Amino acid sequence: MDARELLEDVKRSVWAVRNIQKTIDDLDALIGASGISYDRDKISSSPRKDGLEIAAIHHLEEVEKAKKDLIRATAEMASLKKTALLYIAQLDSEEQREILRMRYLDGMKWWQILEAKNADSLSGQTRLRDRAVEELQRIIDNAGE
């Protein structure tokens with residue numbers, strides 16, 4: 001197993017879950033918006049009620065599909081995180097564990113990591129990450145023996 005691939009898979013799964021949740025939130029907002037009652041005297045081009053109902057039903061169906069996708073993606077994410085955490089916990093350095101958790105398990109962007117750690121050097125944080133990934137690869141390789 002490749003450490004970098006594992007970590008990238010975890011990060012992708014975290015972002016997939018976030019994106020699906022955002023889709024659900026956006027659809028929920030559309031469903032709420034479609035419940036607006038239109039004043040026929042002021043808005044002559046407002047959609048007919050049955051058109052609104054059809055749109056709401058369509059959005060509800062999309063929400064249900066997205067919720068199923070969310071359940072699947074969350075299960076996949078949890079499995080990947082569990083595997084990664086088992087290896088990350090074996091790193092000797094708390095700094096290395098922290099940078100890998102923040103970047104991959106929490107899906108933080110580099111600017112967020114710098115802000116959270118009150119650090120000013122991106123290159124220092126990426127070097128720390130690179131050393132952590134190398135050490136993580138050794139741990140994975142030793143576990144496979």
Side-chain angles (χ1 to χ4, degrees), residues 1-38 43 45-145:
M1 173 185 315
D2 182 71
R4 193 168 298 275
E5 263 182 51
L6 172 63
L7 294 170
E8 288 296 330
D9 287 347
V10 171
K11 186 171 69 172
R12 273 191 294 275
S13 73
V14 167
W15 281 100
V17 167
R18 287 181 185 169
N19 288 335
I20 294 168
Q21 185 60 58
K22 182 179 179 333
T23 298
I24 291 170
D25 294 344
D26 291 347
L27 289 168
D28 282 343
L30 282 173
I31 292 168
S34 66
I36 297 170
S37 62
Y38 293 91
I43 305 174
S45 64
S46 65
R48 292 182 12 222
K49 183 176 180 185
D50 60 295
L52 288 174
E53 289 172 356
I54 291 169
I57 290 169
H58 175 71
H59 291 313
L60 285 170
E61 289 169 346
E62 287 184 42
V63 167
E64 288 306 310
K65 180 189 175 303
K67 284 182 179 179
K68 289 177 185 173
D69 290 345
L70 182 62
I71 291 167
R72 178 198 46 76
T74 302
E76 180 180 331
M77 179 186 70
S79 175
L80 286 167
K81 277 187 170 187
K82 179 181 176 185
T83 300
L85 276 171
L86 289 172
Y87 293 120
I88 290 171
Q90 296 176 50
L91 290 170
D92 290 332
S93 166
E94 175 57 36
E95 274 192 303
Q96 289 180 343
R97 290 192 299 270
E98 180 183 45
I99 195 83
L100 294 183
R101 279 194 306 266
M102 293 172 89
R103 179 71 177 144
Y104 298 100
L105 280 70
D106 297 339
M108 293 173 74
K109 297 183 185 224
W110 283 112
W111 68 266
Q112 293 170 313
I113 293 170
L114 290 173
E115 189 174 278
K117 293 181 76 177
N118 203 20
D120 56 357
S121 171
L122 177 59
S123 62
Q125 296 304 305
T126 57
R127 280 194 303 276
L128 176 63
R129 185 263 332 257
D130 292 344
R131 286 191 304 270
V133 171
E134 288 172 11
E135 182 62 28
L136 192 66
Q137 187 63 56
R138 282 192 283 280
I139 291 168
I140 289 172
D141 291 345
N142 289 339
E145 294 178 352

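Source: prediction; values computed, not measured. All values below were derived from every heavy atom in this structure, side-chain atoms included, with hydrogens, water molecules and symmetry-related copies excluded.
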*Nearest 0.5 Å please: distance from the CG atom of Leu128 over to the OG atom of Ser121.*
10.5 Å
_Under 3.5 Å donor-acceptor, Glu64 side chain and Leu60 backbone_ = no
*Can you tell me if Thr23 uses its side chain to pair, donor with acceptor, with the backbone of Asn19 under 3.5 Å?*
yes
*Side chains of Lys82 and Leu85: does their closest heavy-atom pair fall under 4.5 Å?*
no
*Atom of Leu80, atom of Asp9 and distance for their closest heavy-atom approach*: CD1-O, 3.7 Å
*Start with the C-alpha gap between Arg138 and Glu135, add the side-chain angles, then the distance that decides, and say whether salt bridge (charged side-chain N to carboxylate O under 4.0 Å, His left out) holds.*
CA-CA 5 Å; Arg138 282 192 283 280; Glu135 182 62 28; 2.8 Å; yes
*Just checking, Arg18 and Trp15: is the charged tip under 6.0 Å from the six-membered ring centre and within 45° of the axis?*
yes
*Tell me, do Leu105 and Leu100 make a side-chain contact under 4.5 Å, heavy atoms counted?*
no
*So does Glu62 pair up with Lys65, basic N to acidic O under 4.0 Å?*
no
*Nearest heavy atoms of Glu98 and Lys117, plus distance in Å*: OE1-CE, 3.5 Å
*Starting at CG of Asp2, measure out to CD1 of Ile140 and round the result to the nearest 0.5 Å.*
7.5 Å
*Which atom of Ala132 lies closest to which atom of Ile99, heavy atoms considered*: CB-CG2, 4.4 Å
*Output yes when a side-chain donor or acceptor of Arg101 lies under 3.5 Å from a complementary backbone atom of Asp106, and no otherwise.*
no
*Check the pair Trp110, Arg129 against side chain to side chain contact (heavy atoms under 4.5 Å, CB included), reporting the backbone distance first and the verdict last.*
CA-CA 11 Å; Trp110 283 112; Arg129 185 263 332 257; 3.4 Å; yes
_If I take atom NZ from residue Lys68 and atom CD1 from residue Ile71, how far apart are they, to the nearest 0.5 angstrom?_
9.0 Å
*Please round to the nearest 0.5 Å and tell me the distance separating atom CZ of Arg131 and atom CG of Leu91.*
12.0 Å
*Charged N-O contact under 4.0 Å between Glu76 and Lys81*: no
*Tyr104 to Val10 - nearest heavy-atom pair and separation*: O-CG1, 3.5 Å
*Is the shortest distance from a Lys or Arg side-chain nitrogen in Glu94 or Arg97 to a carboxylate oxygen in the other one below 4.0 Å?*
yes
_Does Asp120 form a side chain to side chain contact (heavy atoms under 4.5 Å, CB included) with Leu114? I'd like the steps, not just the answer._
CA-CA 6 Å; Asp120 56 357; Leu114 290 173; over 6 Å; no
*Please indicate whether Glu95 has more than 12 foreign heavy atoms, meaning atoms of other residues, nucleotides or ligands, lying under 6.0 Å from its CD.*
no
*Are the side chains of Leu122 and Trp111 in touch, meaning some heavy atoms are under 4.5 Å apart?*
no
_For Asn142, is the CG atom crowded, meaning more than 12 foreign heavy atoms sit under 6.0 Å from it?_
yes
*Less than 4.5 Å apart, any side-chain heavy atom of Thr74 and any of Ile20?*
no
*Side chains of Ile113 and Lys109 in contact at under 4.5 Å (non-hydrogen atoms)*: no
_Glu115 vs Gln112 side-chain heavy atoms within contact, under 4.5 Å_ = no
*Enter the distance from His59:NE2 to Ile54:CD1 here, rounded to the nearest 0.5 Å.*
12.0 Å
*Does the salt bridge (charged side-chain N to carboxylate O under 4.0 Å, His left out) test come out yes or no for Glu8 and Lys11, once each step is laid out?*
CA-CA 5 Å; Glu8 288 296 330; Lys11 186 171 69 172; 3.4 Å; yes
*asked:* Contact between Leu136 and Gln96 at the side-chain level, heavy atoms closer than 4.5 Å - yes or no?
replied: no
_Gap between atom CG of Leu6 and atom CE of Met1 - 0.5 Å precision_ = 5.5 Å
